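This report refers to the structure that appears directly beneath it.
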Amino acid sequence: MEIERKYLIKQLPDHLESYAHDEISQAYVSTDPVIRIRRKNDTYLLTVKSEGLLAREEVEMLLSPESFAHLSTKTDGIIIEKTRYKIPEEHGLLIELDVFHGAYEGFIMAEIEFPDVAAANSYQPPAWFGADVTMDARFHNSSLSQRTPEEVQAFLSELPSRFDKYITEI
């Protein structure tokens, strides 16, 4: 069971480059149900997710690079590209800060996974977090992948702020 909350970001944390990070590229074979393929550095994964916003089932399995390449030809929408920074949170949780590239250049969002729904519901985010978008399906990566370039630009222009000055520093 995956239990996570998603947040927009008001301000990037100091020394972002000092945190461990992964380079991620992912695409969707299907968005209903969610069937995702992902390259995370040199690891290739197939993920199936159930419906849900705060909590949902998630099953992952390893793929060979050849299987990933084959499934890549079967995907719909755009490829989501991002750098995921792993930032330890003071309560023993892990903040996964996604700095998007490609079509979503300038978009930044954080996800935090929780051990249970009660912990997710009682969570108090750090001051550098912005709006909680957990319950807004528009911010699911599967939804992000289904926009046209024009829709991506409209989506980005609606956000409270873009971190263009920080992107060049990362």
Side-chain angles (χ1 to χ4, degrees), residues 1-41 43-63 77 79-101 104 106-147 152 155-156 158-163 166 170:
M1 176 72 68
E2 175 186 63
I3 302 166
E4 71 180 10
R5 291 181 66 181
K6 295 176 181 274
Y7 293 88
L8 298 180
I9 300 301
K10 290 191 299 191
Q11 175 185 347
L12 288 172
D14 291 335
H15 311 293
L16 184 60
E17 68 286 348
S18 69
Y19 295 106
H21 62 278
D22 296 310
E23 296 301 327
I24 295 173
S25 177
Q26 63 191 44
Y28 292 82
V29 175
S30 172
T31 57
D32 189 19
V34 172
I35 302 172
R36 176 187 73 204
I37 58 170
R38 172 184 277 177
R39 179 194 52 77
K40 182 170 76 173
N41 301 322
T43 302
Y44 301 88
L45 299 162
L46 172 73
T47 305
V48 178
K49 294 186 178 196
S50 68
E51 291 184 14
L53 295 172
L54 177 66
R56 58 191 180 160
E57 294 293 326
E58 178 180 271
V59 178
E60 283 189 338
M61 69 174 111
L62 286 173
L63 289 173
I79 297 170
I80 302 294
E81 300 172 273
K82 57 191 174 182
T83 303
R84 173 168 282 173
Y85 293 88
K86 300 171 193 170
I87 303 169
E89 201 266 354
E90 64 185 33
H91 299 102
L93 300 169
L94 183 67
I95 297 169
E96 295 179 326
L97 181 71
D98 290 342
V99 176
F100 288 76
H101 309 293
Y104 283 93
F107 180 48
I108 302 171
M109 185 169 58
E111 299 178 353
I112 303 169
E113 289 195 26
F114 297 91
D116 53 56
V117 172
N121 287 333
S122 65
Y123 181 70
Q124 295 298 311
W128 55 276
F129 277 31
D132 182 338
V133 294
T134 303
M135 305 311 271
D136 189 338
R138 295 178 304 159
F139 292 92
H140 280 206
N141 283 278
S142 57
S143 296
L144 297 177
S145 76
Q146 298 306 300
R147 295 192 176 98
V152 169
F155 173 79
L156 293 175
E158 294 172 7
L159 297 177
S161 65
R162 301 207 25 222
F163 297 92
Y166 297 107
I170 296 175

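Computed from a predicted structure; not experimentally measured.
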Legend entry - Residues in side chain to side chain donor-acceptor pair (under 3.5 Å) contact with Arg84, at least two apart in sequence or another chain: Asp98, Glu111
Inset, instruction - Verify, without hydrogens or angle tests, whether Lys10 (side chain) and Ala127 (backbone) share a donor-acceptor contact under 3.5 angstrom. - result: yes
Inset, instruction - Would you give the length of the straight line joining atom OH of Tyr44 to atom CD1 of Ile37, rounded to the nearest 0.5 angstrom? - result: 10.5 Å
Inset, instruction - Decide, yes or no, whether a salt bridge links Asp132 with Lys6 under the criterion of side-chain N to carboxylate O below 4.0 Å. - result: no
Inset, instruction - Any chance you could measure Gln26, atom CD, to Ile79, atom CD1, to the nearest 0.5 Å? - result: 10.5 Å
Inset, instruction - Applying side chain to side chain donor-acceptor pair (under 3.5 Å), name anything that partners Tyr19, two or more places apart in sequence or on another chain. - result: none
Legend entry - Electrostatic pair Asp22:Lys86 at N-O distance under 4.0 angstrom: yes
Inset, instruction - Report yes if the side chains of Tyr85 and Val99 come closer than 4.5 Å at any heavy-atom pair, otherwise no. - result: yes
Legend entry - Arg36 and Thr47 side chains, donor-acceptor separation under 3.5 Å: yes
Legend entry - Pairwise side-chain contact, Glu89 with Leu94, heavy-atom cut-off 4.5 Å (strictly under): no
Inset, instruction - Just jot down the salt bridge (Lys or Arg N to Asp or Glu O under 4.0 Å) partners of Glu81, sequence neighbours excluded, or say none. - result: none
Inset, instruction - Just say parallel, tilted or perpendicular for the rings of Tyr104 and Phe155, cut-offs at 30° and 60°. - result: perpendicular
Legend entry - Ile80 side chain near Ile24 side chain, heavy-atom distance below 4.5 Å: no
Legend entry - Thr83 OG1 to His21 NE2 distance, which is reported to the nearest 0.5 Å: 6.0 Å
Inset, instruction - Determine the minimum heavy-atom distance between Arg138 and Ser143, stating which atoms define it. - result: O-CB, 3.8 Å
Legend entry - Check: Phe129 and Ile95 side chains under 4.5 Å, non-hydrogen atoms: yes
Legend entry - Full working for ring pair (Phe, Tyr, Trp, His ring centres under 6.0 Å) between Phe139 and Tyr7: CA-CA 9 Å; Phe139 292 92; Tyr7 293 88; over 10 Å; no
Legend entry - Leu45 atom CG, neighbour heavy-atom count above 12 within 6.0 Å: yes
Inset, instruction - Take Leu97 and Leu12 through the side chain to side chain contact (heavy atoms under 4.5 Å, CB included) test and state the conclusion after the steps. - result: CA-CA 9 Å; Leu97 181 71; Leu12 288 172; 3.8 Å; yes
Legend entry - Tyr123 to Arg5 - nearest heavy-atom pair and separation: O-NH1, 3.5 Å
Inset, instruction - Could you grab the distance from atom CZ of Arg38 to atom CG of Asn141, nearest 0.5 Å is fine? - result: 7.0 Å
Inset, instruction - Locate the shortest heavy-atom distance separating Ser142 from Ser145; write the atom from each residue and the value. - result: O-OG, 2.7 Å
Inset, instruction - Determine whether Ile108 and Leu8 make a side-chain contact, defined as any pair of heavy atoms from C-beta on separated by less than 4.5 Å. - result: no
Legend entry - Value rounded to 0.5 Å, distance of OG1 in Thr43 from CD in Glu60: 10.5 Å
Inset, instruction - Taking the side chain as every heavy atom from C-beta outward, state whether Thr31 and Gln146 have any atom pair closer than 4.5 Å. - result: yes
